Amino acid sequence: MPELPDVEIMRRYMERTSLYQPISDVVRLNEDVLRNLSADRLKGTLAGSQFEQTLRHGKYLFARTNTKGWVVFHFGMTGYLEYHEEKGKTHRHTRVEFIFQNGRGLSFILQRKLGGLWLTESVAGFMEKQGLGPDALDGKLGSDELKGVAQNTGGSVKSFLMNQKRIAGIGNVYSDEILFQTGILPWTLTENIYSEGWQKLATKTREVLETAIERGADPGEMPGSYLLPHRREGDICPRCKGEISAAKISGRTAYFCTGCQS
DNA sequence: ACATTGACCTGAGAGC
DNA sequence: TGCTCTCAGGTCAATG
């Protein structure tokens with residue numbers, strides 16, 4: 001799930017459901033996912049406060065409270081948020097649950113404990129510490145900027161896109177989609193991409209991510225011309241009806257079409 | 001500076 | 001049905 005579009009959907013979800021409700025308690029705290037704080041500190045900091053604003057950068061979700069800075073969520077490979085209206089009806093993989101005064105709750109659910117939660121006073125400071133690059137949907141990130149971010153780096157275009165220090169928000173699935181839409185094979189070296197290629201990459205990155213957000217980051221809702229619903233080895237390419245191939249690139253499985261990408 | 005590997009976790013699905 | 005193996009949308013550290 002949680003690449004940029006998924007996190008953006010969760011941000012909007014949180015915004016819709018969980019703002020301006022006083023937090024009465026924080027429960028089901030799993031220390032494994034608390035990154036720079038103890039369960040007691042989280043509880044102590046949040047009890048009596050409320051979330052007032054959300055913000056996303058890359059795959060991170062920030063929620064500002066009216067008291068002490070921001071709660072930071074990262075969803076790993078399996079995380080999501082779930083707001084529930086009925087008490088006690090919560091998922092077994094809930095790692096942190098915020099209980100609101102009205103009895104409702106917001107669960108931070110992680111099956112695998114690869115995500116995490118932090119507290120920070122400063123979003124900018126947090127991003128700096130994590131070494132995050134500009135958000136992939138940053139309005140200022142045009143083809144020149146993208147090219148600039150790729151400067152002084154070798155390596156494949158796929159690992160470039162997935163490198164959060166260069167651009168934040170793109171993971172394995174959406175890098176495949178962007179490269180499919182752009183018509184570039186994933187192992188192409190960034191140094192072999194010229195102006196026209198960067199132009200296309202910048203355009204398609206924005207287009208793919210925005211489309212995904214519009215469609216609720218639901219693979220089943222993607223346009224017919226997208227790779228996502230066919231992202232399996234041997235599946236049929238939605239463009240040329242050829243076969244989708246798979247290969248390991250920087251340790252992750254990349255899916256692509258040799259007929260449509262070069 | 002890059003790619004690769006393994007570690008961190010847990011569960012789903014495949015193959016036997 | 002049950003076992004074992006492999007793999008999964010992420011990141012981090014160690015190694016080559």
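Small disclaimer: the values here were computed from a predicted structure and weren't measured. Per chain, numbering begins at 1; letters A, B, ... match sequence-line order.
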Length of the line joining [X]:[atom1] and [N]:[atom2], which is rounded to integer Å:
X        : N      : atom1 : atom2 : answer
A:Arg166 : B:dA1  : CZ    : C1'   : 9 Å
A:Tyr80  : C:dA8  : OH    : C1'   : 16 Å
A:Met10  : C:dG10 : CE    : P     : 12 Å
A:Leu189 : B:dA1  : CG    : P     : 17 Å
A:Met77  : C:dT6  : CE    : C1'   : 13 Å
A:Arg231 : C:dG9  : CZ    : C1'   : 7 Å
A:Arg232 : C:dA8  : CZ    : C1'   : 14 Å

Donor-acceptor pairs are to be reported for all side-chain atoms of residues 210-222 of chain A against protein atoms at under 3.5 Å, with residues two or more places apart or in another chain.
from, atom 1, to, atom 2, distance (Å)
A:Thr211, OG1, A:Glu207, O, 2.6
A:Thr211, OG1, A:Tyr226, OH, 3.4
A:Arg215, NH1, A:Glu221, O, 3.1
A:Asp218, OD1, A:Gly220, N, 2.9

Would [X] and [Y] count as having a side-chain donor-acceptor pair, cut-off 3.5 Å?
X        : Y        : result
A:His230 : A:Glu243 : no
A:Ser24  : A:Gln101 : no
A:Thr78  : A:Arg112 : no
A:Arg166 : A:Gln151 : no

What interatomic distance, in whole Å, is found between [atom1] of [M] and the corresponding atom of [N]?
N      : M      : atom1 : value
C:dT1  : B:dT10 : P     : 25 Å
B:dT4  : C:dC7  : P     : 16 Å
C:dT11 : B:dA12 : C1'   : 22 Å
B:dC9  : C:dT4  : P     : 22 Å

(request) Going 5' to 3' through nucleotides 9-16 of chain B, assign each nucleotide B (protein heavy atom under 4.0 Å from a base atom), S (under 4.0 Å only from sugar-phosphate atoms) or - (no protein heavy atom that close). (result) BBS-----
(message) Parallel, tilted or perpendicular: which one describes the rings of A:Phe100 and A:Tyr83, with boundaries at 30° and 60°?
(response) tilted
(request) Among residues two or more places apart or on two chains, list those pairs meeting side chain to side chain donor-acceptor pair (under 3.5 Å) that have a residue in residues 253-262 of chain A. (result) A:Lys248-A:Thr253
(message) Using OP1 and OP2 only, check whether a side-chain N or O of A:His74 sits under 4.0 Å from C:dG10.
(response) no
(message) Assess whether a salt bridge exists between A:Asp176 and A:Arg231, defined as any Lys/Arg side-chain N lying under 4.0 Å from an Asp/Glu carboxylate O.
(response) yes
(message) Salt bridge or not between A:Glu8 and A:Arg11? Use side-chain N to carboxylate O under 4.0 Å.
(response) yes
(request) Please list, by residue number, the residues of residues 244-259 of chain A whose heavy atoms come closer than 4.0 Å to an atom of DNA chain C; answer none if no residue qualifies. (result) A:Lys248, A:Arg252, A:Thr253, A:Tyr255
(request) Pull out every residue in residues 168-184 of chain A that has a heavy atom closer than 4.0 Å to any atom of DNA chain C, ordered by number, or say none. (result) A:Gly171, A:Asn172, A:Val173
Using atom types as modelled and distance alone, determine if a side-chain donor or acceptor of [X] lies under 3.5 Å from a backbone N or O of [Y].
X        : Y        : result
A:Gln21  : A:Asn102 : no
A:Glu82  : A:Ser107 : no
A:Arg35  : A:Gly115 : yes
A:Lys158 : A:Ser250 : no

(message) Can you list everything that forms a side-chain hydrogen bond (donor to acceptor under 3.5 Å, both in side chains) with A:Lys200? Sequence neighbours excluded, please.
(response) none
For a quick test of your reading: what N or O donor-acceptor pairs under 3.5 Å do the side chains of residues 185-198 of chain A make, sequence neighbours left out?
from, atom 1, to, atom 2, distance (Å)
A:Thr188, OG1, A:Leu185, O, 2.6
A:Thr190, OG1, A:Thr153, O, 3.1
A:Trp198, NE1, A:Ile193, O, 3.2

Scan nucleotides 12-15 of chain C against the protein and return all N/O pairs shorter than 3.5 Å with their distances rounded to 0.1 Å.
none

(message) Can you confirm whether or not the ring centre of A:Phe73 sits under 6.0 Å from the ring centre of A:Phe108?
(response) yes
(request) Give me the residues of residues 152-164 of chain A where at least one heavy atom lies under 4.0 Å from an atom of DNA chain B, by number, or none. (result) A:Thr153, A:Gly154, A:Gly155, A:Ser156, A:Ser159
(request) Convert the base pairs of DNA chain C into dot-bracket notation, remembering that pairs crossing earlier ones are written with [ ] and that bases paired across to another strand are shown as |; include only Watson-Crick or G-U pairs under 3.5 Å. (result) .|||||||.|||||||
(request) Scan A:Asp40, A:Leu46, A:Ile99 and name whichever one has a side chain to side chain contact (heavy atoms under 4.5 Å, CB included) with A:Val26. (result) A:Leu46
(message) If the condition is side-chain contact (heavy atoms from CB on, under 4.5 Å), which residues does A:Glu52 pass it with, not counting sequence neighbours?
(response) A:Tyr20, A:Gln50, A:Arg64, A:Asn66
(message) Could you list the cluster mates of A:Phe126? Members are the ILVMFWY residues connected by side-chain heavy atoms closer than 4.5 Å, either directly or through other members.
(response) A:Leu55, A:Tyr60, A:Phe62, A:Trp70, A:Val72, A:Trp118, A:Val123, A:Met127, A:Leu132
